Structure formats: structure tokens, C-alpha cells
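In what follows, a single structure is set out as C-alpha cells and then discussed.
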There are 2 protein chains.
Amino acid sequence: MSDTPDSKPMGAGRQLLFLREEELRLAQDLLFFGYRDFTAGPDALLAEINMGRAHHRVLHFVGRRPGITVGELLSILGITKQSLGRVLTPLIEDGYVVQAHGRNDRRQRLLSLTPKGQELERKLFERQREWVMRAYREAGPVAVEGFRRVMRGLMGAEARAQLDRAEPAQGTGLPIGPSRSVA
Amino acid sequence: MSDTPDSKPMGAGRQLLFLREEELRLAQDLLFFGYRDFTAGPDALLAEINMGRAHHRVLHFVGRRPGITVGELLSILGITKQSLGRVLTPLIEDGYVVQAHGRNDRRQRLLSLTPKGQELERKLFERQREWVMRAYREAGPVAVEGFRRVMRGLMGAEARAQLDRAEPAQGTGLPIGPSRSVA
DNA sequence: TTTTTGGGTCAGTCTTGTTGACACATTAAA
DNA sequence: TTTAATGTGTCAACAAGACTGACCCAAAAA
């Protein structure tokens with residue numbers, strides 16, 4: 001929006017360029033196409049066994065945090081329990097996920113993957129793993145670190161907190177390009 | 001996949017680390033949360049006027065390429081014409097989008113935004129603009145360049161070609177971290 | 001003992017995607 | 001010029017995944 005009107009052709013100009021509308025519209029495009037193609041692999045696999053992306057999400061987050069409670073899962077996914085129920089119940093009935101009573105609080109249902117569930121999750125993961133690995137390799141380590149920083153920034157404070165709670169600082173947060181842009 | 005089998009403890013080790021499973025699972029998380037929160041702003045606005053994300057996509061891509069044909073739009077969105085019809089028809093009826101016959105091929109319907117459509121698109125854009133700008137600022141220019149490189153890599157070849165056709169190399173494709181990782 | 005919490009479920013609705021089948025005008029080909 | 005092929009529209013039916021609202025139950029907390 002604002003910004004020193006003209007100033008020197010370089011310097012502040014870089015900042016202007018950096019934030020100009022076209023660059024932000026490009027971000028919209030990149031996120032749309034990128035996310036769509038990122039999910040395409042697993043989606044195809046899931047379709048074969050009559051499941052959808054929602055099932056994958058459950059498998060992913062339960063696999064990531066075995067023993068997670070239904071409530072925690074709900075808060076991570078940001079959906080209602082009715083919505084979760086429609087995918088979780090079949091996953092349990094079909095033997096992909098198991099429930100256990102909480103030891104301290106017997107009302108809780110602690111979720112975890114069965115071997116069958118782990119196997120499916122792994123297949124789905126492999127698809128995305130290869131896809132992301134290709135992108136990471138082509139872009140290089142510096143770019144990957146930048147990608148992580150920006151993606152974190154695109155997350156709301158809530159999601160960021162959840163992620164941090166779950167993973168002890170996986171690499172982002174330390175090195176590379178401190179925000180002192182302008183340069 | 002490949003990689004000089006063992007070699008020195010450092011060097012190739014870095015590459016190994018770089019691609020290890022946890023880092024790729026983190027990417028899954030980042031994309032899920034990041035994309036979700038990226039779309040949250042416009043979604044809220046759209047809900048107020050009884051529209052959805054699909055309407056936004058149409059406004060976005062028609063705004064980006066005025067005079068685009070229905071067929072081109074379909075191929076960009078990657079959906080069926082019936083799906084498109086359900087959002088496009090109302091947008092036309094409500095005066096957000098106009099159609100014109102193609103000059104060369106009168107079968108074509110060239111789409112563009114009305115002033116009303118431009119206004120709505122801009123409001124939606126402003127939401128995302130601020131959100132992305134915050135993320136970009138916090139991450140810094142180097143990170144942004146990396147973000148772009150990785151997102152491009154996450155796109156399928158088709159989508160990448162479409163994007164390139166539409167925009168003449170917006171900045172990514174030139175400088176920064178050449179893929180010669182290993183270091 | 002009463003209330004709150006964690007979880008489940010029934011019923012109905014909405015958006016956005018899908019197939020399949022036609023219809024119509026226009027352009028290209030035989 | 002007749003005959004495809006193409007670009008677009010549309011009806012109908014269906015599915016996934018999200019939502020709201022209303023209730024229910026068992027266990028934990030007050």
C-alpha cells in the first residue's frame with residue numbers, strides 16, 4: 001500500500017517489487033495448482049478403495065500421533081465431530097484404526113493405527129513422498145528452507161502452535177534469510 | 001532414490017538428512033495447514049454472499065485472463081463443464097461476469113469480469129494479499145524465492161506449462177540456490 | 001448429587017465435484 | 001454441399017465431505 005513514493009531506483013525499489021500485486025497473485029496461483037497436484041497422487045489411490053481425502057487426513061494425523069484423542073484430532077482437523085465420525089467410524093469398522101480407553105480418563109478414546117492402517121498410510125505417504133522429494137531436489141535445500149518459512153507464515157497462529165506442540169522444531173526457525181529484507 | 005551409497009559421514013549425510021522421512025511428513029503438515037488458512041479469509045467473505053471457493057476461482061482466473069474462453073477455463077480448473085456451469089451461470093446472471101462471442105470463432109464464449117465482478121474479486125484478493133504479505137515479510141525475500149521454487153515443483157508438468165503460458169516468468173526461474181545440494 | 005466433559009449418533013442441508021445423455025450453433029472436412 | 005467435429009449449455013442423478021441442531025450416554029469434576 002504505502003511506501004516511500006519514489007526514492008532511489010534500487011534499494012527500496014526492491015521492497016516495492018517484492019510486494020507488488022503481481023507477485024501476490026502469483027502466490028495464489030502457485031498455491032492453487034501446487035496444492036491440487038500435491039494431493040492428486042493419494043487421491044487416486046484412495047479412490048480405488050472407496051475412500052477420500054478426509055480418510056487420508058485421519059490416517060495421517062493418527063499415524064503421526066498414536067494415542068491421540070478424538071478431541072485433539074477434531075481440533076487439528078478443524079471439523080465437527082459429525083464430519084469426523086463419517087470417516088472415522090468406517091476406518092475403525094474396516095480395521096484401519098483402533099480405539100482404546102484413556103488410562104486416566106476413561107471417557108477418552110485413544111486412536112491409533114492397526115498394522116493394516118499403517119500399511120495404507122505408508123502407501124499414501126510414499127506417493128506424496130516421491131512427489132515432494134522431486135520438488136525438493138529440483139529446488140535445492142535453500143529453497144526448501146524458504147518454503148518452510150513461508151508455509152509456516154501462511155498458517156494461522158493456532159495451527160502454528162499445534163504444529164510446534166507436535167514437533168520439536170524440525171529445522172525451520174533457525175538459519176537462513178533473516179527478515180531484514182530491503183537490503 | 002539413488003545417492004552415492006555411503007561416502008564420507010558428512011557431505012552426503014546432509015543430503016540424506018535433507019530428505020529424511022520426517023522432513024517430508026512435515027511438508028504434508030505445512031501444506032495442509034497452510035493451504036487451509038490461506039483460503040480461510042476469502043471463504044469467510046464468500047459465505048456472507050452465499051458463494052463458495054469455486055466462485056472465487058472463477059473470478060480469480062477470469063480476472064487474470066480477461067477474454068478467456070470457457071474451454072481454457074475448464075482446462076485450468078481441471079473440472080467438468082457441468083461443475084463449472086453451476087458456478088459460472090449464477091455469476092453471469094448476477095452480473096459478475098460477462099460473455100462475448102469470439103471474433104474468429106463465434107462458438108466461443110469469451111469471459112471477463114464486469115466492474116461488479118472486479119470489485120468482488122478485489123475484495124477477496126485483498127484478504128489473501130494481506131495474509132500472504134505477512135507471511136512473505138516475516139520470511140524474507142530469500143525464503144519467498146525458495147517458496148516459489150518448491151511450489152512450482154509441486155505442480156504437475158501440465159499446470160506448470162499453463163502457468164508459464166500465462167505469465168512471462170515472474171521472477172522464479174533465475175537466481176538463488178541452484179539445486180547442487182550435497183554441498 | 002449435580003453438572004460438565006468427551007464422545008457418539010440421527011436427520012437434514014449445502015457446496016462442489018462426478019457421469020451420462022442430449023441439444024444447438026458453428027466451424028472444418030469430405 | 002452434405003457431413004463430421006468442436007465449443008458450449010443443460011437436465012438428471014449421485015457422491016464426498018462439510019455444516020447445524022438435537023439428543024444420548026458414561027465418566028469425571030464440582
Side-chain angles (χ1 to χ4, degrees), chain A residues 32 35-36 39-40 42-62 67-94 97-111, chain B residues 32 35-37 39-40 42-62 67-94 97-112:
Chain A
F32 171 66
Y35 189 74
R36 191 186 60 182
T39 54
D43 283 355
L45 252 182
L46 289 157
E48 294 172 15
I49 53 177
N50 270 306
M51 293 200 211
R53 205 175 288 177
H55 300 84
H56 187 192
R57 286 188 196 128
V58 170
L59 292 171
H60 171 76
F61 285 110
V62 171
I68 190 175
T69 67
V70 170
E72 287 168 341
L73 188 53
L74 281 175
S75 114
I76 285 176
L77 294 174
I79 60 178
T80 61
K81 63 178 170 179
Q82 294 92 325
S83 295
L84 175 59
R86 229 199 354 244
V87 290
L88 181 55
T89 303
L91 282 173
I92 292 169
E93 286 171 349
D94 294 351
V97 173
V98 278
Q99 293 177 316
H101 289 280
R103 294 122 331 221
N104 305 325
D105 187 337
R106 285 181 48 81
R107 288 172 305 180
Q108 295 180 331
R109 298 287 182 270
L110 309 183
L111 306 172
Chain B
F32 170 66
Y35 189 74
R36 190 186 61 182
D37 294 347
T39 54
D43 283 355
L45 252 181
L46 288 157
E48 293 172 16
I49 53 176
N50 270 306
M51 293 200 211
R53 206 176 288 179
H55 299 83
H56 187 192
R57 288 189 192 126
V58 170
L59 291 171
H60 172 76
F61 285 111
V62 171
I68 190 176
T69 68
V70 170
E72 287 168 341
L73 187 52
L74 282 176
S75 113
I76 286 176
L77 294 174
I79 59 177
T80 61
K81 64 179 170 180
Q82 294 91 325
S83 295
L84 175 59
R86 225 186 5 231
V87 289
L88 181 55
T89 303
L91 283 172
I92 291 170
E93 285 171 351
D94 295 350
V97 174
V98 277
Q99 292 177 314
H101 289 280
R103 295 123 330 224
N104 304 325
D105 188 336
R106 285 181 48 80
R107 287 171 304 179
Q108 295 181 332
R109 297 288 180 271
L110 309 182
L111 305 172
S112 42

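The basis for the numbers below is simple: all heavy atoms, side chains too, and nothing from hydrogens, waters or symmetry mates. Here the structure is a predicted model, which is why all the values come from computation and not from measurement. Quick note on labels: first sequence line is chain A, next is B, and so on, each numbered from 1.
For A/Gln99 and C/dG8, the shortest distance from a side-chain N or O to OP1 or OP2 is below 4.0 Å. Remark: A/Thr80 is in phosphate contact with D/dC19, judged by side-chain N or O atoms under 4.0 Å from OP1 or OP2. Side-chain nitrogen and oxygen atoms of A/Ser83 include at least one within less than 4.0 Å of the OP1 or OP2 phosphate oxygen of D/dC19.
Residues B/Leu111 and B/Leu88 have side chains in contact (heavy-atom distance under 4.5 Å, counting atoms from C-beta outward). Contact of the A/Ile68 side chain with the A/Ile76 side chain is registered, since non-hydrogen atoms from C-beta on lie closer than 4.5 Å. Considering only heavy atoms from C-beta on, A/His55 comes within 4.5 Å of A/Leu91 through its side chain.
Atom CD1 of A/Ile79 and atom P of D/dT20 are 12 Å apart (whole Å). Taking atom CG of residue B/Leu88 and atom P of nucleotide D/dT8, one finds them 11 Å apart after rounding to whole Å. The separation between B/Leu84 atom CG and D/dT10 atom P is 11 Å, rounded to whole Å. Between the C1' atom of C/dT9 and the NZ atom of A/Lys81 lies a distance of 9 Å, rounded to the nearest Å. Counting to the nearest Å, the C1' atom of D/dA16 and the CG atom of A/Leu91 are 14 Å from each other. Atom CG of A/Leu74 is separated from atom P of D/dG17 by 16 Å (rounded to the nearest Å). Atom NE2 of A/His101 is separated from atom C1' of C/dG8 by 13 Å (rounded to the nearest Å). Atom pair A/Arg107:CZ and C/dT3:P shows a separation of 16 Å (rounding to whole Å applied).
Ranking C/dT18, D/dA27, D/dG7 by closeness to the B/Arg86 side chain, first place goes to C/dT18. Nearest nucleotide to the side chain of B/Gln82, out of C/dA21, D/dC19, D/dA27: C/dA21. Nearest nucleotide to the side chain of A/Thr69, out of D/dG17, C/dT26, C/dG7: C/dG7.
In this structure a side-chain-to-backbone donor-acceptor pair under 3.5 Å is missing from A/Arg53 to A/Pro42. The main-chain N or O of A/Arg107 is found under 3.5 Å from a side-chain atom of A/Arg109 such that the two form a donor-acceptor pair. Between the A/Thr39 side chain and the A/Arg36 main chain, a donor and an acceptor come within less than 3.5 Å of each other.
DNA chain C is contacted by B/Gly52, B/Arg53, B/Ala54, B/His55, B/Arg57 of residues 48-57 of chain B, taking any non-hydrogen atom closer than 4.0 Å.
Counting non-hydrogen atoms under 4.0 angstrom, B/Gly85 reaches nothing in the nucleic acid. Backbone-only engagement by B/Asn104 is indicated by non-hydrogen atom pairs under 4.0 Å involving sugar-phosphate atoms exclusively. If you check every strand for non-hydrogen atoms under 4.0 Å, B/Glu72 touches nothing.
Across the interface with DNA chain D, nearest-nucleotide mapping of A/Arg106 and B/Arg109 shows B/Arg109 to be the residue nearer the 5′ end.
A/Ala54 and A/Val87 make their closest contact through CB-CG1, 3.7 Å (heavy atoms, listed as atom of the first residue, atom of the second, distance). Taking every heavy atom of both residues into account, B/Pro90 and B/Gly85 meet most closely at CD-O, 3.8 Å.
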